[in-house]
Amino acid sequence: MNKTVSDLTIIKNTRLNHDNYLLELQSYIKLEGIIPGQFVNILVSDSQATFLRRPFSIFEVNYHQNSISVLVKVVGPGTEKLSSLKPSDTLNVIFPLGNGFSMPMAKEKILLVGGGVGIAPMMQMAKDSRELGAEVHILLGARTKMDHILIEEFSRFGTVYLTSDDGSVGVKGFVTNHPVLLQNNGFNQIYCCGPEPMMKAVAKKAKELNVRCEVSLENAMACGFGVCLCCVTKTTGGNKCVCTDGPVFNINDLSWPI
Amino acid sequence: MNKTVSDLTIIKNTRLNHDNYLLELQSYIKLEGIIPGQFVNILVSDSQATFLRRPFSIFEVNYHQNSISVLVKVVGPGTEKLSSLKPSDTLNVIFPLGNGFSMPMAKEKILLVGGGVGIAPMMQMAKDSRELGAEVHILLGARTKMDHILIEEFSRFGTVYLTSDDGSVGVKGFVTNHPVLLQNNGFNQIYCCGPEPMMKAVAKKAKELNVRCEVSLENAMACGFGVCLCCVTKTTGGNKCVCTDGPVFNINDLSWPI
Amino acid sequence: MANLSINIHKLELKNPVMTASGTFGNGTEFDDFFDVSQLGAILLKGTTLHNREGNEYPRMAETPSGMLNAVGLQNKGIDYFIRHIYPKVSEYKTNVIINVNGSTVEEYIELTEKVNQLDKIPAIELNISCPNVKEGGMAFGTNVKMAEKVTREVRKVYEKTLVVKLSPNVTDIAEIARAVEAQGADSVSLVNTFLGMAIDANTMKPVLSTITGGLSGPAIKPIALRMVWQVARAVKVPVIGIGGIMNATDAIEFILAGASAVQIGTANFINPNISVDIINGINDYMEKHKLKSINDLIGGLQM
Amino acid sequence: MANLSINIHKLELKNPVMTASGTFGNGTEFDDFFDVSQLGAILLKGTTLHNREGNEYPRMAETPSGMLNAVGLQNKGIDYFIRHIYPKVSEYKTNVIINVNGSTVEEYIELTEKVNQLDKIPAIELNISCPNVKEGGMAFGTNVKMAEKVTREVRKVYEKTLVVKLSPNVTDIAEIARAVEAQGADSVSLVNTFLGMAIDANTMKPVLSTITGGLSGPAIKPIALRMVWQVARAVKVPVIGIGGIMNATDAIEFILAGASAVQIGTANFINPNISVDIINGINDYMEKHKLKSINDLIGGLQM
Ligand SMILES: Cc1cc2nc3c(=O)[nH]c(=O)nc-3n(C[C@H](O)[C@H](O)[C@H](O)COP(=O)(O)OP(=O)(O)OC[C@H]3O[C@@H](n4cnc5c(N)ncnc54)[C@H](O)[C@@H]3O)c2cc1C
Ligand SMILES: Cc1cc2nc3c(=O)[nH]c(=O)nc-3n(C[C@H](O)[C@H](O)[C@H](O)COP(=O)(O)OP(=O)(O)OC[C@H]3O[C@@H](n4cnc5c(N)ncnc54)[C@H](O)[C@@H]3O)c2cc1C
Ligand SMILES: Cc1cc2nc3c(=O)[nH]c(=O)nc-3n(C[C@H](O)[C@H](O)[C@H](O)COP(=O)(O)O)c2cc1C
Ligand SMILES: Cc1cc2nc3c(=O)[nH]c(=O)nc-3n(C[C@H](O)[C@H](O)[C@H](O)COP(=O)(O)O)c2cc1C
Ligand code: FES
Ligand code: FES
């Protein structure tokens, strides 16, 4: 769909754990053809500390009820404010933004890797990929058991694997320590979102395994729709905007030293 | 009491009419010896448009329940935000500030004149004056009947007279058109708060009648406790701070051309 | 509808609202949001003779009521522009203005000569105030002699409307404005960004890859407004006001201070529709104040 | 508790947190809120030789993340100060510094000579940057020659610590800093306020009686921080950072940029206790980052 600036109404705000909230937003503009990996840019009004909008991945789209949801991890004043909102509060949102993931084909075996709040774009991705007939595997990494959220929801769409830094759940260590990534499991594609060091490690692994891999970057943004040129990342084709040419990039196009 | 910076909790927010709200605030610091005409300076957090605090007259003090209330007229972003607050929300407040009115003696006949939201400091003034044994008369001016609020509450402490610009209630015209001010009614003192032109007109009248008169000014303030020197008014003794030397001034001390 | 049209030298604006260079892409990025032909003019992003990759990421820091940027004139160069972007933007039914940048006077001249060939570009904005490049940029705008020189030389090769964009990072901006006016500038636009800096106390490092960057947004509005007021009293050519304009009231303040037109910058990031909203807001204000023509508002500050 | 003590020339500070002149009254106004002796130093409000009534009301305009003031050095003059205020403030167990103002070099000298007699005043801050007075003030701070002259002449009559307070309304603040250092300044403090303006679109009038005023508050922080960083690299004397510091993190940013101490201004209006909170916040930060002495933090920016 075309980019739009629109007031969305909060239908539901669910506290998932100590610092993660799931906001469900009603749209009055008809939602159509949103691609997993696209994002929204939210104006956090009424907060002295937030001048610019705040970008969030689209966590899930519900075309039936014409709503989208975003997963918000509280890290500063903007996310703090968002986490405190209540049903019937409204948010001014620009969406849908960015390119989104390239979708797998039927029968393809894919691995979605999400670290921390980087799991956000993976829910819709898992759902849509499953619908397209792909075989979906989902590897989720977090610091501790307490930080792992939405495992059940993910497992509706694929096989879930877990890692935790402290070993309190799943395999101890980073996602790249998990056997599912260590061994060549015949994945056709790997999709990854999380902290940059994690994405680089996964990209490196994918390269070794010779598997096509896309990562979703989270560079700091001022506009979100390609006019300020603040969010650039180096690519083989020069500096590209993460907000329009991304946030999803094929790792081969990035100038990462991997 | 000494000036303090303290978080007060909203106990009640009552909508009085289309643009006036009465906020009742619980204090955890013991309230004592607050003088009618003193004010509080409220931090409106969570609003992009309000950097400085917002001053409000102390409308009423309830020593029993250790609370104070303020009357808020919505005129801009700060007052808008305050009007939207709910019980259990907290406000950071500096109080009590300013000098307050000189209290009448027992048996004195006094007239309190309030125009618009200038009625705010008059409630506690009426209450305390009545308690001191003064004979209290209260003249309230507003634009229309709809803008008149709290008449019943005022009438608990004295005789209430009304004017309205359009004549929809009380005497038509400004407060200075009301017979109670036009004739010499033997008032010992007149106390006035409202828009500056009104206060000047009342001051002029008081001078003609040769009645002692105090007015409460509302100059724009940055600090509220005498350090920025932004809020000055010209007096016979040079520029004085409205926030510390006032807000209440004897009209003879002001350099008003009356 | 009040009459909002105003001329800046030969440039005919249907209303005084333009978008600021570097904050509006090539205009086409706004097609999804509104018809940019409604604007008085659009300023394209800073253009140079050759392709420039700009500075390293991070290029942005949020600040209280503002932001720092260190983009550093990333653009594909004028030839790419002429081939790929010009055909699209020349379809717009509004004035499309190129923001011209160079690191030497010769570069400014060569670029201007190329732009001069473009029929559908009725004006250039000579950017002598970019704080984010190592060579040229702000150095031209903070030195009277250099500002004079580059204006004089560009004037020689350009006959259409020449706007010179001034830097606020100076002791006396009116002096620079008078100097470029004397060398033939048809208008001055101000302000570009203020040189600022952000530090991340946690990492103990500068936030921007370039350490310093340009401050924009409402934070700078009071200073920009003062400068526009000073310059409008110092020069005879029309002044274009820029700096922290977020709504119609802000725009009106600049016009009252003496600006004949305004540019909307950072506000576009926060509300992509803001520039049309501002046109409507100015119209409403004029109707409320019973002003028939925008000329009645320009410099209308009462003292 | 980390070691927060630091010396500025002969001035011994128990911590690097001072309050900025004109925002802290005479200190006594804060007695209800906290014990001001906890501070590294307090800067008294701008003092002149003779009584000054200051400018007409209105003197203040709120702006995005900041405020404009046009107080214009209202004070009762040095003789009144010596008689009525000095006895009180000299009781404080911290450094009490006078902010010295004049409209001529002679006035600066005469005032300094009087202050020199006061045992309990270990330093003066020479204000050559007040934007709100018709004569003198900022004119001294925006001109190298004049800044040099007033510093040189005052230096001749003053042997205690001489801090010169710089104006940010200049093209090259490092140049001015170097100039006053060469003339004997023991330290420079920066920045004073930025010249700005506010207009009320409704009334079409300037908000301030003086039309322009001085901008302070977080809005100016990114520019002030950049200037402190530039000056700290340009001079050898200690630098005192000022401008929009609202919390400990802001203060730490200035110290990382090279400031040996900081001054808290407008923040005092919003939270009268902020200066002590900032001392505690700096201490917490140093403990968290395992820094033993404030010297380890000064200029600690990693690039
Ligand atoms: C395309 C995109 C998609 C995103 N999707 C999500 C999502 O689905 N869920 C979610 O919770 N968050 C997501 N983020 C991150 C989210 O935008 C930030 O957490 C948010 O803007 C922080 O705002 P704040 O005011 O709470 O904190 P701030 O005060 O702005 O920041 C707090 C801390 O986080 C750091 N930080 C903030 N933004 C970024 C960034 N973009 N890159 C690196 N560091 C940063 C700051 O430097 C600071 O240290 C996404 C970001 C992008 C660019
Ligand atoms: C000592 C004192 C006591 C006060 N008591 C009360 C009270 O009891 N109840 C109440 O509702 N209000 C009171 N006020 C006024 C109140 O402080 C302002 O209405 C409030 O600060 C406006 O904030 P805002 O953000 O809503 O509007 P802003 O955006 O700050 O202002 C909206 C409009 O009101 C004007 N304005 C704001 N403050 C003042 C002022 N001080 N003088 C003149 N014009 C002003 C502005 O110029 C603007 O046009 C008092 C003011 C003072 C100084
Ligand atoms: C991200 C960004 C990029 C900019 N690029 C340019 C540019 O290329 N050329 C130019 O003259 N000004 C550039 N500017 C300055 C703006 O045009 C404008 O002068 C400045 O931002 C102040 O206006 P504002 O506060 O409304 O944003 C840029 C500003 C920003 C924020
Ligand atoms: C109301 C007010 C009055 C001031 N008076 C003086 C003064 O008398 N002398 C002086 O050197 N600076 C004066 N200043 C400037 C401050 O000391 C400080 O340099 C400036 O406000 C920037 O710091 P801030 O952003 O923390 O306020 C004044 C500032 C304000 C806001
Ligand atoms: S965030 Fe502005 S171009 Fe990407
Ligand atoms: S408001 Fe600051 S002195 Fe009165």
Side-chain angles (χ1 to χ4, degrees), chain C residues 61 63-68 131 142-143 167-173 176 194-206 211-215 217-230 244 246 248-257 285 288-289 297 300-303, chain D residues 61 63-68 131 138 142-143 167-172 176 194-206 211-215 217-230 244 246 248-257 285 288-289 297 300-303:
Chain C
T63 65
S65 299
M67 62 173 277
L68 289 163
T142 54
N143 179 303
S167 171
N169 299 292
V170 294
T171 309
D172 184 358
I173 196 165
I176 311 265
F194 288 77
L195 196 63
M197 179 174 177
I199 291 174
D200 183 333
N202 264 328
T203 60
M204 300 189 176
K205 286 186 183 150
I211 307 176
T212 62
L215 182 66
I220 67 169
K221 196 192 77 171
I223 318 179
L225 192 61
R226 180 265 295 180
M227 290 182 166
V228 165
W229 178 72
Q230 287 180 326
M246 300 301 284
T249 307
D250 292 339
I252 290 159
E253 288 168 21
F254 277 86
I255 297 171
L256 286 168
Y285 176 92
K288 187 178 153 205
H289 287 261
L297 200 59
L301 190 68
Q302 287 162 22
M303 291 190 291
Chain D
T63 66
S65 299
M67 61 174 277
L68 289 163
M138 210 176 85
T142 54
N143 179 303
S167 171
N169 300 290
V170 295
T171 310
D172 185 357
I176 311 263
F194 288 77
L195 196 61
M197 179 172 175
I199 291 175
D200 183 333
N202 264 325
T203 60
M204 301 189 176
K205 287 185 183 153
I211 306 176
T212 61
L215 183 66
I220 67 169
K221 195 192 77 170
I223 318 179
L225 192 60
R226 179 265 294 179
M227 290 182 166
V228 164
W229 179 72
Q230 287 180 326
M246 300 301 283
T249 308
D250 292 339
I252 290 159
E253 289 169 21
F254 276 86
I255 297 171
L256 286 167
Y285 175 92
K288 186 178 152 206
H289 287 260
L297 200 59
L301 189 67
Q302 287 162 22
M303 292 191 289

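In what follows, chains are A, B, ... by sequence order, proteins preceding strands, each numbered from 1.
Proximity to chain C (any heavy atom under 4.5 Å) is shown, for D:Ile223, by both the backbone and the side chain. Heavy-atom distances place no part of D:Phe254 under 4.5 Å from chain C, backbone and side chain included. Both the backbone and the side chain of C:Asn202 come within contact range of chain D, each with at least one heavy atom under 4.5 Å from a heavy atom of that chain. For D:Ala61, no part lies near chain C; criterion is any non-hydrogen pair under 4.5 Å. Residue D:Ile255 does not touch chain C at all, counting heavy-atom pairs closer than 4.5 Å. Contacts between D:Ser167 and chain C at a heavy-atom distance below 4.5 Å are absent for every atom of the residue. Residue D:Leu215 touches chain C through its side chain alone, counting heavy-atom pairs closer than 4.5 Å. Using a 4.5 Å cut-off between heavy atoms, D:Thr212 contacts chain C through its side chain alone, with no backbone atom that close. Only the side chain of C:Ile252 comes within less than 4.5 Å of a heavy atom in chain D; its backbone stays farther off.
Considering C:Ile211, C:Leu68, C:Asn169 as possible partners of D:Arg226, the one that fulfils the side chain to side chain contact (heavy atoms under 4.5 Å, CB included) test is C:Asn169.
Distance check, rounded to the nearest 0.5 Å: CD1 of C:Ile199 to CD of D:Gln302 gives 11.0 Å. In this structure, D:Thr171 OG1 and C:Ile173 CD1 are separated by 10.0 Å, a value rounded to the nearest 0.5 Å. Atoms OH and CE, from C:Tyr285 and D:Met204 in turn, are 3.0 Å apart once rounded to the nearest 0.5 Å.
Pairing each heavy atom of D:Ala198 with each of C:Leu225, the nearest pair is CA-CD2, 4.2 Å. D:Ala201 approaches C:Leu256 most closely through the heavy-atom pair CA-CD1, 4.0 Å. Across all their heavy atoms, D:Met197 and C:Leu301 have their closest contact at CE-CD2, 3.6 Å.
Each of C:Lys288, C:Glu253, C:Met303 has some count of heavy-atom pairs under 4.5 Å with chain D, and the biggest count is that of C:Glu253. Contacts with chain D were tallied for C:Ala257, C:Pro206, C:Gly66, C:Gly213; C:Pro206 has the most, counting heavy-atom pairs under 4.5 Å.
Evaluation of the side chain to side chain contact (heavy atoms under 4.5 Å, CB included) rule for D:Pro218 yields B:Phe51, C:Pro64, D:Ser65, D:Met246 as partners, not counting sequence neighbours.
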